[in-house]
Amino acid sequence: MTNVLAISGSPAHPSRTYGIVEYASTLLAQEGFHTDIFSVRDFPAEDLVFGRYDRPNLEQPKALLAKDAVIIATPIYKAAYTGLLKTFLDLLPQKALLGKVVLPIATGGTLAHLLAIDYALKPVLSELGARHLLGGVYAVDKQIQRQEDGSIQLEEEIDQRLKHSLHDLVEAVQAHSGVKQLAFN
Ligand SMILES: Cc1cc2nc3c(=O)[nH]c(=O)nc-3n(C[C@H](O)[C@H](O)[C@H](O)COP(=O)(O)O)c2cc1C
């Protein structure tokens with residue numbers, strides 16, 4: 001079965017970013033895709049801050065990276081991705097995203113930093129080996145309604161945008177696995 005890893009880089013709880021990741025995983029489940037969700041805020045802070053890339057704690061996220069697709073989701077902080085997300089990405093092997101389909105997602109208080117996905121996040125993902133980077137989804141807070149149970153509801157326009165991007169992800173993974181099969185036949 002095709003698998004997806006979704007990483008949320010928000011230090012906050014509850015988190016709109018995490019809510020979108022959870023919602024995306026339910027949409028992917030409808031396509032028969034299983035998603036493992038990893039929140040960087042659950043990782044020991046000292047290991048992140050002191051760059052302890054050899055800790056056994058990292059084995060789980062590293063193993064999770066052996067997936068076909070990775071969603072990297074972050075709130076925008078100070079016009080870029082969060083420092084928390086960067087501490088985690090810095091611990092990964094140099095080409096951790098090689099051969100994966102990667103979908104970036106960002107949430108922000110304002111549309112002003114819409115391009116942060118392109119100018120801040122994507123160069124880092126490229127450095128990690130990502131070659132199949134999808135366009136990305138940017139949602140502003142007013143488009144994300146938090147429900148009492150902790151889940152989120154998206155405004156129609158951004159809901160469609162997310163579904164479109166997840167559709168692209170599904171298609172890209174299927175095409176990619178087709179290429180892999182051809183290589184062995
Ligand atoms: C420290 C901090 C810095 C922020 N900086 C920005 C910013 O530069 N641009 C922006 O659009 N939103 C900014 N925001 C708003 C968050 O990106 C936005 O509320 C986001 O949806 C929070 O996601 P979360 O609930 O997953 O943490 C900032 C929020 C915080 C707490």
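Each ligand, and each atom within it, is numbered from 1 in the order the structure gives. Residue numbers count from 1 along this sequence.
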* To do: Check whether any side-chain heavy atom of Thr107 sits under 4.5 Å from a side-chain heavy atom of Ile76, and report yes or no.
  => no
* Quick one: nearest non-hydrogen protein atom to atom 8 (O) of ligand 1, plus distance? -> Ala79 N, 2.8 Å
* Does Lys95 use its side chain to pair, donor to acceptor, with the backbone of Glu127 at less than 3.5 Å? -> yes
* Asked: Does Val21 belong to the same Ile/Leu/Val/Met/Phe/Trp/Tyr cluster as Val137, with side-chain heavy atoms less than 4.5 Å apart forming each link?
  -> no
* Asked: Can you tell me which residue and heavy atom of the protein come closest to atom 11 (O) of ligand 1, and the distance to 0.1 Å?
  -> Thr110 CG2, 2.9 Å
* Structure fact -> If we number the atoms of ligand 1 from 1 as shown, the ones under 4.0 Å from a heavy atom of His113 are 7 (C), 8 (O), 9 (N), 10 (C), 11 (O)
* To do: Could you tell me whether Asp141 approaches ligand 1 through its side chain, its backbone, both or neither, with non-hydrogen atoms closer than 4.0 Å?
  => side chain
* Is the shortest N/O to N/O distance between Ala12 and ligand 1 below 3.5 Å? -> no
* To do: Indicate yes or no: does an N/O atom of Pro75 lie under 3.5 Å from an N/O atom of ligand 1?
  => no
* Short N/O distance, under 3.5 Å, between Gly109 and ligand 1? -> yes
* Any Lys/Arg nitrogen of Asp36 or Lys67 sitting under 4.0 Å from an Asp/Glu carboxylate oxygen of the other? -> yes
* **Nearest-neighbour protein heavy atom for atom 5 (N) of ligand 1, which is reported as residue plus atom name and distance** => Lys78 N, 3.0 Å
* Verdict with supporting geometry, His113 and Tyr138, side-chain contact (heavy atoms from CB on, under 4.5 Å) -> CA-CA 9 Å; His113 296 133; Tyr138 185 96; 3.8 Å; yes
* Applying a 4.0 Å heavy-atom criterion (strictly less than), which segment of Arg16 is in contact with ligand 1: side chain, backbone, both, or neither? -> both
* Structure fact -> The protein heavy atom nearest to atom 20 (C) of ligand 1 is Thr107 OG1, 3.3 Å
* Write out the residue and atom name of the closest protein heavy atom to atom 14 (N) of ligand 1, then the distance separating them to 0.1 Å. => Ile76 O, 3.2 Å
* May I ask you to decide if the ring planes of Phe43 and Phe38 are parallel, tilted or perpendicular, using 30° and 60° as cut-offs? => perpendicular
* To do: Ignoring hydrogens and angles, tell me if any N or O in the side chain of Ser151 forms a donor-acceptor pair with the backbone of Gln147 under 3.5 Å.
  => no
* To do: Could you give me the CA-CA distance, side-chain angles and deciding distance for Asp141 and Arg16, then say whether salt bridge (charged side-chain N to carboxylate O under 4.0 Å, His left out) is met?
  => CA-CA 8 Å; Asp141 288 352; Arg16 293 177 186 84; 3.6 Å; yes
* Structure fact -> Ranking Tyr138, Tyr18, Tyr77 by closest non-hydrogen atom to atom 3 (C) of ligand 1, top hit is Tyr77
* To do: Would you mind running through ligand 1 and noting each atom that sits below 4.0 Å from a heavy atom of Ser10?
  => 24 (P), 26 (O), 27 (O)
* Worked verdict on Leu28 versus Leu166 for side-chain contact (heavy atoms from CB on, under 4.5 Å) -> CA-CA 7 Å; Leu28 286 168; Leu166 292 174; 4.2 Å; yes
* For Arg146, is at least one N or O under 3.5 Å away from an N or O on ligand 1? -> no
* Please test Ile72 against Tyr81 for side-chain contact (heavy atoms from CB on, under 4.5 Å), starting from the C-alpha separation and ending with a verdict. => CA-CA 10 Å; Ile72 309 259; Tyr81 50 80; over 6 Å; no
* Asked: Looking only at heavy atoms, is any part of Ser15 under 4.0 Å from ligand 1, and if so is it the side chain, the backbone, or both, or is it neither?
  -> both
